Every structure is written in structure tokens, then in C-alpha cells.
J.: 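Quick one: structure below, then a few questions.
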Amino acid sequence: MNIKKAYYVKSAVNPEDYPKDSKPHVVLVGKSNVGKSSFINCIANNKKLAHTSGQPGKTRTVNFYMIDDKFYIVDLPGYGYAKVSKQEQLDWGNMIDTYLHYNANIALILHVLDIRHAPTQLDIQMAEWIQFYGLPVVGIATKSDKIGKTRWKPQVELIRRKLGWSQFIPIIPFSAITSQGKDRVLELMDISINNYYDDL
Ligand code: GDP
């Protein structure tokens with residue numbers, strides 16, 4: 001799969017504002033500043049599609065992008081930004097839980113993690129949520145250009161162990177700078193989207 005057409009559709013806080021059609025959703029979750037916007041821009045071949053922040057915690061809405069008129073990329077608000085209030089953290093939790101709860105269109109979750117670091121407590125909580133809802137997940141171990149290739153495997157296994165993921169869950173070293181992992185991610189997205197349409 002090579003993405004040819006991608007555009008921003010809308011941002012939503014409440015379920016009544018989510019898109020109403022039945023096209024599948026590929027959902028991005030991860031810590032703020034982990035590289036979700038850069039990931040979206042890289043796989044969609046459009047440097048300006050999602051804002052890359054430098055301002056962590058900015059994205060507080062569920063953002064929908066239409067890809068090749070076939071599926072949505074859904075960017076959920078990043079978590080773990082230290083400077084937000086308790087109330088904002090609660091709102092974040094509610095927004096994620098509401099989205100996961102109300103959405104029957106989820107084809108795949110992409111859990112984005114920094115390949116250099118062990119998952120945080122919030123990453124672990126996120127993985128538990130995904131498991132609770134029984135959603136298919138793939139790990140994106142991003143910023144792989146920042147460490148030597150020989151460290152990829154041990155870091156990937158650290159992430160796997162901390163999140164309690166079996167060997168059946170792929171974790172893909174990825175870089176928005178070198179496009180490392182891009183083809184594999186697109187392939188896995190394609191399979192999930194086709195499965196979704198086959199099951200309709
Ligand atoms: P978001 O908050 O999750 O959307 O994160 P951004 O995409 O805005 O990225 C946060 C910071 O990490 C920015 O300064 C990006 O340039 C940088 N970044 C994101 N992905 C990569 C990557 O694959 N490699 C490197 N070296 N930097 C990255």
C-alpha cells in the first residue's frame with residue numbers, strides 16, 4: 001500500500017462529533033511528544049498533514065484524517081504530559097475511554113512508543129485498556145534513527161516484556177526521518193483494513 005491522498009477531516013471531543021460513516025479506523029495512541037504527528041506525516045507522504053508539535057500536550061482532541069477515501073487515521077490525544085492538571089488528565093482518560101468504548105469501526109490500534117525508553121505506567125495502562133476492549137494492536141517503536149541498529153532488538157523486547165505482549169504482537173522499529181519500518185506498517189494496516197471490509 002502506498003498512500004496517495006490524505007486530508008484532515010475534523011477534530012472531536014464527544015462521540016456525536018465522530019464521523020458517522022462505517023469506514024475503518026486505524027488508531028494512534030501514545031505519549032505526547034512520542035512522534036505520532038511525524039508518524040502520520042511520514043506514512044501519508046505529506047509533511048504538513050498533522051502538526052508536529054515541539055509543544056507537547058497540545059493535541060487534546062480526537063483528530064480524524066481520511067486516507068485514500070478508504071479509511072481514517074484517528075489520532076487520539078497524547079498522554080503523560082507533566083504540565084497538565086489533574087482535571088485535564090481525567091478529561092484525557094474519559095476521551096480515550098469514550099472513543100474506545102463507542103467505536104465499532106476500529107480495524108487496528110498502533111501503539112507508538114519511543115524505542116529508546118521503557119514504557120511508562122501510562123503506556124502500560126493504555127496496553128491494558130486495549131486488551132480489555134479486545135482490539136488488535138501493533139507496536140510502533142519510533143525514533144529508531146536515534147540508536148544503533150544492534151540496540152533495536154533488546155529495546156523491542158524490553159517494550160514487549162513491560163507491556164506483557166506475546167510474540168504474536170508485532171513491534172516495528174520505525175523512523176520518521178529515515179522511513180525505517182514504513183513499508184511493513186503500511187502492509188499491516190492494509191491487511192487489517194481488508195479484514196475489516198471482509199467482515200462487514
Ligand atoms: P507527537 O506529540 O506525538 O505528535 O510528536 P511529534 O511528531 O510532534 O514529535 C515530537 C518530536 O520528536 C519532534 O521534535 C519530532 O521532530 C521528533 N521526532 C518524531 N519522530 C521522530 C523520529 O522518528 N526520529 C527523530 N530523530 N525524531 C523524531
Side-chain angles (χ1 to χ4, degrees), residues 1-3 6 25-47 49-59 63 65 67 73-84 92 96 100 106-131 135-192:
M1 181 166 73
N2 184 27
I3 294 174
H25 294 187
V26 172
V27 186
L28 282 165
V29 300
K31 252 179 92 170
S32 66
N33 220 25
V34 72
K36 289 192 293 136
S37 307
S38 305
F39 173 87
I40 293 171
N41 292 345
C42 177
I43 60 155
N45 305 311
N46 181 340
K47 286 201 171 73
L49 186 60
H51 294 286
T52 53
S53 47
Q55 252 183 302
K58 205 176 64 180
T59 331
N63 304 314
Y65 301 90
I67 309 296
I73 286 181
V74 183
D75 187 20
L76 293 191
Y79 48 82
Y81 183 49
K83 285 190 189 146
V84 303
W92 169 81
I96 306 254
L100 295 180
I106 299 172
L108 182 65
I109 307 254
L110 301 176
H111 193 162
V112 185
L113 301 124
D114 190 320
I115 198 164
R116 296 169 298 171
H117 307 304
T120 65
Q121 208 43 50
L122 287 170
D123 286 318
I124 295 167
Q125 184 190 331
M126 190 72 238
E128 284 169 357
W129 249 337
I130 295 166
Q131 197 185 18
L135 297 164
V137 65
V138 165
I140 307 294
T142 196
K143 307 195 186 182
S144 67
D145 57 283
K146 291 201 178 222
I147 59 171
K149 211 169 174 176
T150 52
R151 286 189 55 212
W152 289 359
K153 196 157 186 261
Q155 289 303 108
V156 160
E157 289 318 312
L158 172 70
I159 291 170
R160 183 182 301 293
R161 198 168 63 247
K162 290 272 179 191
L163 297 184
W165 283 355
S166 80
Q167 294 294 331
F168 295 107
I169 299 181
I171 303 177
I172 303 166
F174 183 87
S175 165
I177 306 265
T178 67
S179 294
Q180 164 67 40
K182 179 173 170 176
D183 291 346
R184 177 112 191 274
V185 175
L186 288 169
E187 197 182 308
L188 291 172
M189 283 166 66
D190 200 33
I191 293 169
S192 306

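Computed from a predicted structure; not experimentally measured.
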J.: Short question: side chain of Ser192, backbone of Leu188 - any donor-acceptor pair under 3.5 Å?
T.: yes
J.: Identify the heavy atoms of Gly80 and Leu122 that sit nearest to each other, and give their distance.
T.: CA-CD1, 3.5 Å
J.: Given 3.5 Å as the limit, does a donor-acceptor pair link the side chain of Trp152 with the main chain of Ser144, or not?
T.: yes
J.: Minimum heavy-atom separation for Leu158 to Pro119, with atom names?
T.: O-CD, 4.5 Å
J.: Using only atom types and a distance under 3.5 Å, with no angle test, would you say the side chain of Asp123 pairs donor to acceptor with the backbone of Thr120?
T.: yes
J.: With the side chain counted from C-beta on, respond yes when Val138 and Ile169 share a heavy-atom pair under 4.5 Å apart, and no when they do not.
T.: no
J.: Below 30° counts as parallel, above 60° as perpendicular, anything between as tilted: where do the rings of Phe174 and Phe39 land?
T.: tilted
J.: Tell me the closest heavy-atom pair linking Trp165 and Ala127, and the distance in Å.
T.: NE1-CB, 4.0 Å
J.: Can you tell me which residue among Val29, Val34, Ile43, Val112 is in a side chain to side chain contact (heavy atoms under 4.5 Å, CB included) with Ile140?
T.: Val112
J.: For the pair Asp75 (side chain) and Asn63 (backbone), establish whether a donor and an acceptor sit closer than 3.5 Å, ignoring hydrogens and angles.
T.: no
J.: Run Asn2 and Asn45 through side-chain hydrogen bond (donor to acceptor under 3.5 Å, both in side chains) and show every step you take.
T.: CA-CA 9 Å; Asn2 184 27; Asn45 305 311; 3.2 Å; yes
J.: If the threshold is 4.0 Å, N to carboxylate O, is there a salt bridge linking Arg160 and Glu157?
T.: yes
J.: Looking at Gln155 and Arg116, would you say the former's side chain and the latter's main chain have a donor-acceptor pair under 3.5 Å?
T.: yes
J.: Parallel, tilted or perpendicular: which one describes the rings of His111 and Tyr79, with boundaries at 30° and 60°?
T.: perpendicular
J.: Flag the pair Asn46 / Asn41 as yes when at least one side-chain heavy-atom distance between them is below 4.5 Å, and no otherwise.
T.: no
J.: Hey, does the side chain of Lys182 reach the backbone of Cys42 with a donor-acceptor pair shorter than 3.5 angstrom?
T.: yes
